[in-house]
Amino acid sequence: MKFISEYRNPEVVEQYINEIHKITTQNWTIMEVCGGQTHSLVKNGILNILPSKITMVHGPGCPVCVTPLNLIDKAVYLALNKGVIMCTFGDMIRVPGSEKSLLEAKAFGADVRILYSPLEAVKIAQENPDKQVVFFAVGFETTAPANALSVLHAKRLGLNNYSILASHVLVPPAIEAVMNDDTARIQGFLAAGHVCTIMGISDYQPIVEKYQIPIVVTGFEPVDLLHGILMVVKQLENGEKKLENQYSRVVKPEGNPEAIKVINEVFETQDREWRGIGTIPMSGWEVKSTLTEFDANKKFAINIAKAPECAECIAGLVLKGIKKPYECSQFGKNCTPEKPLGAPMVSSEGACAAYFHYANVEAV
Amino acid sequence: MCLAIPGKIKSIETQYNGLVRMANVVFGGITKQASLEMLPDAQEGDYVLVHVGVAISKIDEEEAEKSFSYLKEIGELDELVEHSQIDRDGGSCPI
Ligand code: SF4
């Protein structure tokens with residue numbers, strides 16, 4: 001397949017690895033923010049072939065993992081007690097809530113559906129005028145245009161039975177939260193390519209300047225990741241701090257203006273709670289107050305009591321890159337993808353699941 | 001779920017009374033529909049990146065070459081340098 005196979009070519013991969021080995025003279029710690037990149041790094045064995053001087057730390061970039069427990073409980077409640085058709089992405093339905101996951105709610109008779117796209121949920125709403133349809137809209141900036149479009153389509157169709165339960169998080173404030181944590185020792189970042197496809201790259205320049213760290217916008221294929229790592233290491237070895245774009249075939253500096261327009265039509269920026277991390281100021285999007293009829297949070301004014309997190313799960317430390325999954329006492333024992341204790345073991349983009357599935361990753 | 005996959009636009013049709021352009025996008029062997037609302041200029045034959053049913057970016061063929069032309073450059077430089085011993089502390093490449 002054009003534009004994929006080239007980026008997985010073993011010879012090219014090898015050349016990049018050689019180049020990284022050649023230029024690395026000091027110890028460097030680099031964070032990839034995005035869970036998709038974590039997955040690709042682990043799955044393709046890249047962590048095992050990097051110089052031992054380079055430590056890759058996995059960031060909080062898994063929207064499923066950082067969706068607050070309370071919101072999952074709310075989705076379960078709406079599905080079980082309010083009779084709504086609860087739609088969401090596949091990863092989301094197995095995340096444990098305080099009592100049940102959406103999958104377990106389904107076993108108890110709730111109408112829970114896994115969809116590929118939020119636009120399909122609008123169709124379901126059209127076909128079921130006597131039912132309320134809710135899309136549990138989780139995601140980073142990449143997913144926001146699709147979720148926002150679903151609201152605009154529903155509005156265009158005059159539907160009054162469609163709403164979204166938004167759990168939208170933003171990458172730049174998360175990078176700042178990681179840098180502001182005293183225990184963090186990150187020296188450079190790979191920024192998530194697909195997020196920048198939408199938003200462009202200008203939001204990262206102030207972060208480069210404020211924290212004096214290199215940031216390289218990077219793609220997801222093995223060659224992309226190695227190229228991105230090489231660019232960061234090169235800057236570090238030369239004492240440079242710049243914003244660079246490795247993923248220029250897809251990421252335009254200005255992002256996608258049409259997508260930004262749609263996002264601004266539907267969402268507004270607010271403080272947001274990240275599961276395992278806490279509240280990060282201005283780090284999420286909520287449905288605008290002018291569109292409350294499409295906001296499941298407002299439409300179904302229910303108060304779900306805050307439940308405590310599973311005491312043994314150290315997901316917060318894993319998400320901030322402070323601990324590796326295998327440093328968790330439950331990893332692979334009481335916590336497996338079949339019986340997850342925390343969200344990072346559920347989502348394929350969660351660091352715990354990636355380490356579990358590709359178990360050849362040792363302490364790197 | 002953050003994965004966005006590149007595919008080629010096979011055909012374009014409209015929905016919502018002509019308001020919304022939808023593309024049939026081929027990914028390897030499978031075809032899926034994707035909204036083109038974020039890419040008003042996209043045409044048949046273009047490569048696009050699709051995420052949860054929405055095409056979010058066109059793929060620039062010239063830029064796609066960059067990762068490889070960069071390697072060619074360092075490859076050419078290498079020929080000037082004596083065969084240097086590459087320090088491989090991570091073992092051999094399993095890929
Ligand atoms: S292994 Fe399981 S319990 Fe431990 S941090 Fe990961 S998700 Fe939580």
Side-chain angles (χ1 to χ4, degrees), chain A residues 1-4 6-7 10 12-19 21-22 34-36 44-45 48-52 61 63-64 89-91 116-120 138-140 142-143 145-146 149 153 156-157 192 194 197-198 220 222-224 227 246 248-252 256 258-259 262 347 349, chain B residues 1-8 15-17 19-20 22 26-29 32-41 47-68 70-72 74-75 77-78 81 84-95:
Chain A
M1 169 82 204
K2 203 173 179 201
F3 298 126
I4 291 192
E6 301 94 314
Y7 288 91
V12 182
V13 164
E14 174 133 25
Q15 285 187 60
Y16 270 111
I17 291 164
N18 288 343
E19 191 62 17
H21 276 264
K22 211 188 297 178
C34 168
N44 292 299
N48 299 331
I49 48 177
L50 286 173
S52 55
V64 171
F89 299 119
D91 278 356
Y116 160 68
S117 166
L119 301 180
E120 294 167 357
V138 298
F140 273 105
T142 322
T143 317
L149 259 189
H153 280 196
R156 199 178 278 153
L157 291 164
H194 293 153
T197 303
I198 307 293
F220 295 77
V223 168
D224 289 322
H227 191 187
Q246 180 276 329
S248 56
R249 69 183 183 282
V250 165
V251 175
K252 309 271 169 301
N256 182 333
E258 293 297 324
V262 167
S347 167
E349 286 153 27
Chain B
M1 58 158 290
C2 284
L3 220 66
I5 307 168
K8 189 177 188 175
Q15 288 182 0
Y16 294 104
N17 302 322
L19 275 175
V20 173
M22 295 293 285
V26 190
F27 306 94
K32 266 192 176 262
Q33 281 218 324
S35 161
L36 288 182
E37 282 162 277
M38 307 298 163
L39 298 176
D41 307 332
Y47 281 87
V48 289
L49 199 66
V50 176
H51 175 65
V52 299
V54 177
I56 54 173
S57 177
K58 269 211 278 190
I59 300 168
D60 188 314
E61 296 204 32
E62 247 171 66
E63 292 290 326
E65 292 296 323
K66 273 201 179 161
S67 303
F68 306 101
Y70 169 79
L71 274 182
K72 241 179 92 198
I74 53 177
L77 281 178
D78 275 356
V81 186
S84 56
Q85 185 59 45
I86 296 164
D87 138 65
R88 254 294 172 76
D89 46 0
S92 63
C93 168
I95 291 183

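Letters go in sequence order (proteins before strands), and every chain restarts at 1.
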### Message
Given heavy-atom pairs under 4.5 angstrom as the criterion, report whether the side chain, backbone, both or neither of V250(A) touches chain B.
### Response
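Backbone plus side chain of V250(A), per the 4.5 Å heavy-atom cut-off to chain B.
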### Task
Report the distance from atom CD1 of I56(B) to atom CD of E258(A), rounding to the nearest 0.5 Å.
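Here the rounded value is 14.0 Å.
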Over all heavy atoms of both residues, which pair between [X] and [Y] is shortest? Give the atoms and the distance, please.
X	Y	value
M38(B)	A259(A)	SD-CA, 3.3 Å
S117(A)	V52(B)	OG-O, 2.8 Å
L119(A)	S35(B)	CD1-CB, 4.0 Å

### Message
Quick one about H153(A) and Q15(B) (side-chain donor to acceptor, distance below 3.5 Å, no hydrogens or angles considered), yes or no?
### Response
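No donor-acceptor contact under 3.5 Å links the two side chains.
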Under a 4.5 Å cut-off applied to non-hydrogen side-chain atoms, are [X] and [Y] in contact?
X	Y	result
H51(B)	T197(A)	no
L39(B)	N256(A)	yes
E37(B)	L149(A)	yes

If I measure from the heavy atoms of chain A, does [X] come under 4.5 Å with its side chain, its backbone, both, or neither?
X	result
L49(B)	side chain
K32(B)	side chain
V48(B)	neither

### Task
Against chain B, work out which of G90(A), G35(A), S248(A) has the most heavy-atom pairs shorter than 4.5 Å and name it.
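Ranked by heavy-atom pairs under 4.5 Å with chain B, first place is S248(A).
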